[in-house]
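Here the structure comes first, spelled out in structure tokens, and everything after it is commentary.
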Amino acid sequence: MKRLTGTILILLFTVFTGFSQNNTLETIKLPEKITQYVNLHFPDHTIVETEREIEGFQRIFEVELNDGTELDFSKTGEPLKIETENTIPISAIPAPILAYVNANFPQQSIQEWELKKKKQKVELTNNTELTFDLDGNFLKQD
């Protein structure tokens with residue numbers, strides 16, 4: 001009985017390990033729309049790593065730049081997340097969000113921006129988190 005239980009556990013471990021590894025695909029060639037976005041908003045940086053991952057039911061393209069900036073894109077090439085230790089270029093931030101941050105936090109820069117289903121979130125250099133609706137209207141501060 002112990003041998004059968006051990007065999008089942010090993011089999012389950014192998015299946016689940018294999019499943020999780022299949023969710024991350026090897027480095028891939030990016031769609032042109034993503035390459036254009038990076039060239040437009042991060043012209044002084046180079047792409048050092050790309051991956052295509054499955055998160056839930058959504059395919060995500062992950063891009064890492066030479067300065068450590070990480071960008072996530074949808075399968076159609078729309079930006080979903082930008083995270084950097086530096087400052088996100090103002091050209092990559094939606095105008096209403098940029099205007100709000102400049103008016104209310106003039107000494108801060110945006111280090112992270114993320115698009116969710118019904119909202120956008122940013123994190124400033126002082127770790128303040130701000131939430132906006134999809135149109136860029138301020139909702140709350142964390």
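Small disclaimer: the values here were computed from a predicted structure and weren't measured.
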Nearest non-hydrogen partners of [X] and [Y], listed with the distance:
| X | Y | result |
| --- | --- | --- |
| Leu80 | Phe73 | CD1-C, 3.7 Å |
| Pro96 | Gly136 | CB-O, 3.7 Å |
| Gly56 | Ile54 | O-CG2, 3.5 Å |
| Ala92 | Ile82 | CB-CD1, 3.9 Å |

Between Glu123 and Lys121, does at least one N-O distance fall below 4.0 Å, as a salt bridge requires? no
One thing to verify: whether Lys33 and Glu78 come together as a salt bridge, which I'm taking to mean a side-chain N less than 4.0 angstrom from a carboxylate O. yes
Output the distance between atom [atom1] ([X]) and atom [atom2] ([Y]), rounded to the nearest 0.5 Å.
| X | Y | atom1 | atom2 | value |
| --- | --- | --- | --- | --- |
| Asn86 | Gln111 | CG | CD | 8.0 Å |
| Ile88 | His41 | CD1 | NE2 | 11.5 Å |
| Thr87 | Leu124 | OG1 | CG | 10.5 Å |
| Lys119 | Thr131 | NZ | OG1 | 6.0 Å |
| Asp133 | Ile97 | CG | CD1 | 8.5 Å |
| Thr84 | Leu65 | OG1 | CG | 8.0 Å |

Could you see if [X] belongs to whatever hydrophobic cluster contains [Y]? Use Ile, Leu, Val, Met, Phe, Trp, Tyr and a side-chain cutoff under 4.5 Å.
| X | Y | value |
| --- | --- | --- |
| Val48 | Phe61 | no |
| Val63 | Leu40 | no |
| Ile90 | Phe132 | yes |
| Tyr100 | Leu139 | no |

Given Glu62 and Glu53, is the side chain to side chain contact (heavy atoms under 4.5 Å, CB included) satisfied, shown in steps? CA-CA 7 Å; Glu62 294 182 347; Glu53 290 194 355; 3.3 Å; yes
Test item: Lys140 and Asp142 side chains (from C-beta on) under 4.5 Å apart, heavy atoms: yes
State, with a plain yes or no, whether a side-chain heavy atom of Lys81 is found less than 4.5 Å away from one of Glu83. yes
Atom CD of Glu85: over 12 foreign heavy atoms under 6.0 Å: no
Hydrogens and angles aside, do His45 and Asp67 bring a side-chain donor and acceptor to less than 3.5 Å of each other? yes
Tell me, with the steps shown, if Gln58 and Ile60 meet side chain to side chain contact (heavy atoms under 4.5 Å, CB included). CA-CA 6 Å; Gln58 188 175 17; Ile60 304 291; 3.8 Å; yes
Test log, rule side chain to side chain contact (heavy atoms under 4.5 Å, CB included), inputs Phe105 and Leu130: CA-CA 11 Å; Phe105 300 91; Leu130 306 172; 3.8 Å; yes
Give me the ring orientation class for Tyr37 and Phe42: parallel if the planes are under 30° apart, tilted from 30 to 60°, perpendicular past 60°. tilted
Give a yes or no on whether the backbone of Leu134 and the side-chain of Gln120 come within a donor-acceptor separation of less than 3.5 Å. yes
